[in-house]
Visitor: 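So that we are looking at the same thing, I have put the structure below in structure tokens.
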Amino acid sequence: MKTRFLFQGVELSGKTMQYVAKRLLRVEKLVPETSKLEVEVNRNKAGKFRVEVMVDVPKQKLFRSEETSESVEASTDAVVDDIERQITETKDREGSLARRGARSIKKKLTLDKSARF
């Protein structure tokens, strides 16, 4: 997975960077290896940290979330939870539609009484 970090006006300590990377592993486990992950961290004029995460899954969907809070860790936690929820809902929806389609086809199948097996 390609991961790109963009920091604007923020210097993260090694401990904070490790925390962010550890939290992002949860997202990386849910998407294919060919996905692209972009993390943007910046600080606004009020001194709050804004974290934005975009996950681009090829041939599927773009998942995006952002959060602004007092600390990078809190923003990262909220963003990762939201991205996980989006990915899980999408996977559940796709599975549900496939099962519904299979049930529909099964209902429409009829066998001719003269058919031989």
Visitor: Give a yes or no on whether L30 and V53 share a hydrophobic cluster (residues Ile, Leu, Val, Met, Phe, Trp, Tyr; joining criterion: side-chain heavy atoms under 4.5 Å apart).
Guide: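 Looking at the clustering, V53 is in the same group as L30.
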
Visitor: Quick one: CG on L24 to OG1 on T76, what's the gap to the nearest 0.5 Å?
Guide: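 Taking CG in L24 and OG1 in T76, the distance rounds to 7.0 Å.
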
Visitor: Mind listing the closest non-hydrogen atom pair of P58 and S35 along with its distance?
Guide: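 The pair with the smallest heavy-atom distance is CD-CA, 3.9 Å.
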
Visitor: For R64, does its backbone N or O pair with a side-chain atom of Q86 as donor and acceptor, under 3.5 Å?
Guide: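 A pair under 3.5 Å: yes.
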
Visitor: Within a reach of under 6.0 Å around CD of E89, are more than 12 heavy atoms found that belong to other residues, nucleotides or ligands?
Guide: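 Yes - once you tally the heavy atoms of other residues, nucleotides and ligands closer than 6.0 Å, there are more than 12.
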
Visitor: Please answer whether the main-chain N or O of S71 pairs with a side-chain N or O of K48 as donor and acceptor at a distance below 3.5 Å.
Guide: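 Not confirmed, K48 side chain does not pair with S71 backbone.
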
Visitor: Heavy atoms only: give me the nearest R23-V80 pair and the separation to one decimal.
Guide: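 Shortest heavy-atom separation between R23 and V80 comes out as O-CG1, 3.6 Å.
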
Visitor: For V31 and M1, work out which heavy atoms get closest and say how close.
Guide: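 Closest pair (atom of V31, atom of M1, distance): CG2-CE, 3.0 Å.
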
Visitor: V57 and I83: same hydrophobic cluster, using ILVMFWY side-chain contacts below 4.5 Å?
Guide: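 Cluster IDs for V57 and I83 match.
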
Visitor: Grouping I, L, V, M, F, W and Y whenever their side-chain heavy atoms are under 4.5 Å apart, do V10 and V39 come out in a common cluster?
Guide: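 Same hydrophobic cluster.
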
Visitor: Check whether S75 reaches the backbone of S69 with its side chain - one donor and one acceptor, N or O, closer than 3.5 Å.
Guide: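 At least one qualifying donor-acceptor pair exists.
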
Visitor: Do you know which two heavy atoms are closest between M17 and L12, and how far apart they sit?
Guide: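 That closest heavy-atom pairing would be SD-CD1, 4.1 Å.
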
Visitor: Treat each ILVMFWY residue as a node, draw an edge where side-chain heavy atoms are under 4.5 Å apart, and state whether M54 and F5 are in one component.
Guide: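 No.
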
Visitor: Taking D112 for its side chain and A115 for its backbone only, find out whether a donor-acceptor pair lies under 3.5 Å.
Guide: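 No, because the side chain of D112 does not come within donor-acceptor range (under 3.5 Å) of the backbone of A115.
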
Visitor: Quick check for you: to the nearest 0.5 Å, what is the distance between E84 atom CD and F63 atom CZ?
Guide: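 Nearest 0.5 Å value for the CD-CZ distance: 12.0 Å.
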
Visitor: What's the spacing between E67 CD and F49 CZ if we round to 0.5 Å?
Guide: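 Those atoms lie 14.0 Å apart.
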
Visitor: Between R26 and D81, does any NZ, NE, NH1 or NH2 come within less than 4.0 Å of an OD or OE carboxylate oxygen?
Guide: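 Judged by the 4.0 Å cut-off on N to carboxylate O distance, D81 and R26 do form a salt bridge.
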
Visitor: Ion pair present between E40 and R50, side-chain N to carboxylate O less than 4.0 angstrom?
Guide: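 Yes, charged N to carboxylate O under 4.0 Å.
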
Visitor: Are L6 and V55 co-members of a hydrophobic cluster defined by side-chain heavy atoms under 4.5 Å apart?
Guide: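 Not linked; separate clusters.
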
Visitor: Quick test of your reading: applying side-chain hydrogen bond (donor to acceptor under 3.5 Å, both in side chains), list the pairs with at least one residue in residues 97-108, sequence neighbours left out, ordered by first then second residue.
Guide: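 Sorted result for residues 97-108: empty, none.
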
Visitor: In Å, rounded to the nearest 0.5 Å, how long is the span from CG of L37 to OG1 of T3?
Guide: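 Here the rounded value is 4.5 Å.
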
Visitor: Do any N or O atoms from the side chain of S96 and from the backbone of D92 form a donor-acceptor pair under 3.5 angstrom?
Guide: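 No; zero donor-acceptor contacts below 3.5 Å.
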
Visitor: Looking at NZ of K61 and CD1 of I87, how far apart are the two atoms once the value is rounded to the nearest 0.5 Å?
Guide: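 Spacing of NZ (K61) from CD1 (I87) equals 10.0 Å.
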
Visitor: Working to the nearest 0.5 Å, report the span between OG1 of T68 and CD of E52.
Guide: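 The CD atom of E52 is 9.5 Å from OG1 of T68, to the nearest 0.5 Å.
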
